[in-house]
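Down below is the structure, laid out as structure tokens.
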Amino acid sequence: IVTLNTLINGLCLEGRVSEAVELVDRMVEMRHKPDLIMLNTLINGLCLKGKVYEAMVLIDRMMENGCQPDAVTYGPVLCIMCKSGKTALALDFLRKMEKGKIKLGVVQYSIVIDSLCKDGRFDDALNLFKEMEMKGIKADVFTYSSLIGGFCNDGRWNDGAQLLRDMITRKITPNVVTFNSLIDSFVKEGKLLEAKQLYDEMIQRGISPDTITYNSLIDGFCKENRLDEANKMIDLMVIKGCNPD
RNA sequence: UUUGAUUGCUCGG
């Protein structure tokens, strides 16, 4: 069943949900019940294809069949709501899940925290963050990267830097995405000196820059008409074993 | 085995 689900997930990630659904249907015809993980996989696939309605129908059907959805089931649903600009609805939905018997995890909170940041609702984002931690759910590198990226894109670099220090103090290790967010926020404001300093700092911390890191920096140099430096960055990324894409 | 964070351009809203 694990093997089959690996295949189903692969189809879903390639956007071939209908084939995934067919596989599960065939399995049901052979009187094998799909388990929660497999249904969650399908629901994610449907959401990725924008078929939210079908995902919701599937959730209803699984409940009728005595299979209770869990937090993972609703992750993709929250995500779709957020990505379609309905953060308030997602927050509502999160509240309903809290009241229900579904044990939320850091992923569900982080999805909404990220969306609040993207909407510029930083106080709400921080409040939800605190609320989550008060419930004993510890923020992780995703949660912090969302907050840091959000603050920095809004020009609030001091707040972003403070959050970076916080996470390091708490032994939540920043990763390449955390730094890429920071770097790109500086690049977008033409603050290439700061961006380059962060590039050096990530290397000092043992984090390898990736293609996205270099793309951001190259973009920054290009937009400032510093094409020689942009070219040098391309050479540098190749030297460092990073493929231009 | 299933859910969340970072980069370009164009067009549309």
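Below, read A as the first sequence line, B as the second, and so on, with proteins coming before strands; counting in each chain starts at 1.
Backbone-only contact: A:Ile111 has heavy atoms under 4.0 Å from sugar-phosphate atoms and none from a base. Backbone-only contact: A:Ser216 has heavy atoms under 4.0 Å from sugar-phosphate atoms and none from a base. Residue contacts for A:Ser181: at a heavy-atom cut-off of 4.0 Å it reaches the sugar-phosphate backbone alone, with no base atom in range. Using a 4.0 Å heavy-atom distance criterion, A:Thr213 is classed as making no nucleic acid contact. Here A:Asp210 lies out of heavy-atom contact (under 4.0 Å) with every strand. A:Asp245 comes within 4.0 angstrom of no nucleic acid atom, judged by non-hydrogen atoms across all strands.
Taking atom CG on A:Asn215 and atom C1' on B:C9, their separation rounds to 12 Å, with Å as the unit. A straight line from CE of A:Met132 to C1' of B:A5 spans 13 Å, rounded to a whole angstrom. As rounded to whole Å, 19 Å separates atom P of B:G4 from atom CG of A:Leu91. The distance from atom OH of A:Tyr144 to atom P of B:G4 is 21 Å, rounded to the nearest whole Å. For the pair A:Leu46 CG and B:U3 P, the computed distance is 14 Å after rounding to whole Å. Taking atom CG of residue A:Leu58 and atom C1' of nucleotide B:U2, one finds them 13 Å apart after rounding to whole Å. Protein atom CG of A:Leu104 is 16 Å distant from nucleotide atom P of B:G4, rounded to whole Å. Counting to the nearest Å, the C1' atom of B:U3 and the CD1 atom of A:Ile8 are 16 Å from each other.
Which of B:U7, B:U3, B:G4 sits closest to the side chain of A:Asn44 comes down to B:U3. Among the nucleotides B:U2, B:U7, B:G4, the one closest to any side-chain atom of A:Thr41 is B:U2. Counting only heavy atoms from C-beta on, A:Thr6 has its side chain closest to B:U1 among B:U3, B:U1, B:G8. Comparing B:G4, B:U6, B:A5 by their nearest atom to the side chain of A:Asp184 picks out B:U6. Out of B:U2, B:G8, B:A5, the shortest distance to the side chain of A:Lys223 is found at B:G8. Of the listed nucleotides (B:C9, B:U1, B:U6), B:U6 has the atom at the smallest distance from the side chain of A:Val177. For A:Asp140, counting side-chain heavy atoms from C-beta on, the closest listed nucleotide (B:U7, B:A5, B:G4) is B:G4. When each of B:A5, B:U6, B:G4 is scored by its nearest atom to the side-chain atoms of A:Asn180, the top-ranked nucleotide is B:U6. Listed nucleotides B:A5, B:U2, B:U3 differ in distance to A:Asp114; the shortest reach to its side chain belongs to B:A5. Distances from the side chain of A:Asp219 to the nucleotides B:U2, B:G8, B:G4 place B:G8 closest.
In the hydrophobic clustering of ILVMFWY residues, with side-chain heavy atoms under 4.5 Å counting as a link, A:Phe93 and A:Tyr109 come out together. Taking hydrophobic clusters as Ile, Leu, Val, Met, Phe, Trp and Tyr residues chained together by side-chain heavy-atom distances below 4.5 Å, A:Met56 shares a cluster with A:Leu36.
A close approach under 4.0 Å does occur between a side-chain nitrogen or oxygen of A:Lys188 and OP1 or OP2 of B:G8. Residue A:Lys103 places none of its side-chain N or O atoms closer than 4.0 Å to OP1 or OP2 of B:U3. Residue A:Lys118 places at least one side-chain N or O under 4.0 Å from the OP1 or OP2 atom of B:U6.
Heavy atoms of other residues, nucleotides or ligands lying less than 6.0 angstrom from NZ of A:Lys33 number 12 at most. Counting heavy atoms of neighbouring residues, nucleotides and ligands inside a 6.0 Å radius, atom NZ of A:Lys232 does not exceed 12 of them.
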message = Show, in sequence, the C-alpha distance, side-chain angles and deciding distance for A:Asp219 and A:Ser216, and conclude whether the side chain to side chain donor-acceptor pair (under 3.5 Å) test is met.
response = CA-CA 5 Å; A:Asp219 182 50; A:Ser216 281; over 6 Å; no
query = Going through the checks in order, is the side chain to side chain donor-acceptor pair (under 3.5 Å) test met by A:Gln162 and A:Asp166?
reply = CA-CA 6 Å; A:Gln162 183 57 51; A:Asp166 286 351; 3.1 Å; yes
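Of the listed residues (A:Thr173, A:Val177, A:Thr178), just one forms a side chain to side chain contact (heavy atoms under 4.5 Å, CB included) with A:Val141, and that residue is A:Thr178.
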